[in-house]
Amino acid sequence: MSLAFILRVAAGWMGLWAVGMFLAPQMVLEGTGWEMTAGIETLMQGMGMAFIGLIVVHLVAATLVEDAMQKLAFWIAIVWVANHIQQAYFMANGIFPADGRGIFGLVVGFVIAGMLYTKSKSKA
């Protein structure tokens with residue numbers, strides 16, 4: 001599995017969330033116990049735009065020469081880990097539900113981060 005492929009998979013995973021934030025914010029928010037308000041919907045759409053920016057970074061990184069791709073993938077992996085540590089913290093404190101969907105998202109995020117880190121450090 002190449003680093004470029006892993007970057008594209010990560011972009012696809014974020015793409016699913018971005019589409020949900022734009023087209024189905026209620027579904028994304030479902031299960032949190034939060035009430036959907038105009039403010040939260042607007043915030044989610046703003047987060048969707050931020051996701052689009054990160055998706056572009058991932059896809060551009062996947063087209064770089066191997067050395068540059070590895071350097072950027074290392075830092076992208078660190079951002080993935082930091083983001084998912086924050087989500088785990090929110091789950092531990094009851095801000096986000098620690099249900100199957102949330103835990104699945106954490107596992108996927110840490111797996112992607114691990115693959116990015118591992119491939120960023122390998123010479124193959």
Side-chain angles (χ1 to χ4, degrees):
M1 189 174 329
S2 72
L3 182 53
F5 178 74
I6 296 168
L7 285 162
R8 288 182 181 107
V9 167
W13 178 251
M14 287 189 296
L16 292 173
W17 283 99
V19 167
M21 288 179 194
F22 280 113
L23 302 178
Q26 182 67 42
M27 185 186 75
V28 173
L29 198 63
E30 184 179 287
T32 63
W34 298 356
E35 181 183 337
M36 177 59 81
T37 64
I40 288 178
E41 186 171 358
T42 302
L43 180 63
M44 289 181 72
Q45 290 173 347
M47 288 174 47
M49 284 304 300
F51 268 56
I52 289 172
L54 291 170
I55 290 165
V56 169
V57 169
H58 281 65
L59 294 175
V60 168
T63 66
L64 297 173
V65 294
E66 190 66 29
D67 187 46
M69 187 187 317
Q70 286 181 301
K71 289 176 183 174
L72 186 55
F74 170 79
W75 292 105
I76 290 173
I78 289 174
V79 170
W80 273 82
V81 167
N83 175 263
H84 287 82
I85 287 173
Q86 181 185 46
Q87 288 182 25
Y89 171 81
F90 290 153
M91 283 183 189
N93 288 297
I95 298 167
F96 291 166
D99 59 4
R101 189 171 88 173
I103 292 169
F104 177 75
L106 276 181
V107 169
V108 169
F110 281 121
V111 166
I112 289 172
M115 290 189 314
L116 285 168
Y117 178 80
T118 302
K119 278 295 191 179
S120 76
K121 294 300 180 184
S122 73
K123 296 298 177 196

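In terms of heavy-atom proximity, Ala18 sits nearest to Ile55 at CB-CD1, 4.3 Å. Nearest heavy-atom pair across Trp34 and Leu29 is CE3-CD1, 3.4 Å. Across Ala61 and Leu72, no two heavy atoms sit closer than the pair CB-CD2, 3.4 Å. Here the closest heavy-atom approach between residue Ile85 and residue Phe110 is recorded as N-CZ, 3.9 Å. In plain terms, the two heavy atoms of Leu116 and Ala77 that are nearest each other are CB-CB, 3.8 Å. Here the closest heavy-atom approach between residue Ala10 and residue Ile112 is recorded as CB-CG2, 3.7 Å.
With a 6.0 Å radius and a threshold of 12 heavy atoms from other residues, nucleotides or ligands, Phe22 has its CZ atom above the threshold. Counting heavy atoms of neighbouring residues, nucleotides and ligands inside a 6.0 Å radius, atom CZ of Phe74 exceeds 12 of them. Environment of CE in Met36: crowded, with over 12 heavy atoms of neighbouring residues, nucleotides or ligands closer than 6.0 Å.
Trp13 and Phe104 have perpendicular rings, their planes meeting at more than 60° on a 0 to 90° scale where under 30° would count as parallel. Under the 30°/60° scheme for interplanar angles, the aromatic rings of Trp80 and His58 are found to stand perpendicular.
Thr42 contributes atom OG1, which lies 11.0 Å from atom CE of Met44 (distance to the nearest 0.5 angstrom). Rounding to the nearest 0.5 angstrom, the gap separating the CD atom in Gln87 from the NE2 atom in His84 is 4.5 Å. From Phe51, atom CZ reaches atom CE of Met47 across 5.5 Å, with rounding to the nearest 0.5 Å. Interatomic distance, CG of Asp99 versus CE of Met91, reported as 7.0 Å (0.5 Å rounding). Separation of atoms CG (Asn83) and CG (Leu54) is listed at 9.0 Å; rounding is to 0.5 Å.
When hydrophobic clusters are built by joining Ile, Leu, Val, Met, Phe, Trp and Tyr residues whose side-chain heavy atoms come closer than 4.5 Å, directly or via intermediates, Val111 is grouped together with Trp17. Clustering ILVMFWY residues whenever any of their side-chain heavy atoms sit less than 4.5 angstrom apart, transitively, puts Met21 in a cluster other than the one holding Met49. Under the 4.5 Å side-chain heavy-atom criterion for ILVMFWY residues, a single connected hydrophobic cluster contains both Met115 and Phe5. Cluster membership for Met14 and Val108, using ILVMFWY side-chain heavy atoms within less than 4.5 angstrom, is shared.
In this structure, Phe96 and Tyr89 have side chains that are not in contact, with every pair of non-hydrogen atoms separated by 4.5 Å or more. Contact check for Gln70 versus Glu66: side-chain heavy atoms found under the 4.5 Å cut-off. Side-chain atoms of Thr63 and Leu59, non-hydrogen and from C-beta on, never get closer than 4.5 Å to each other.
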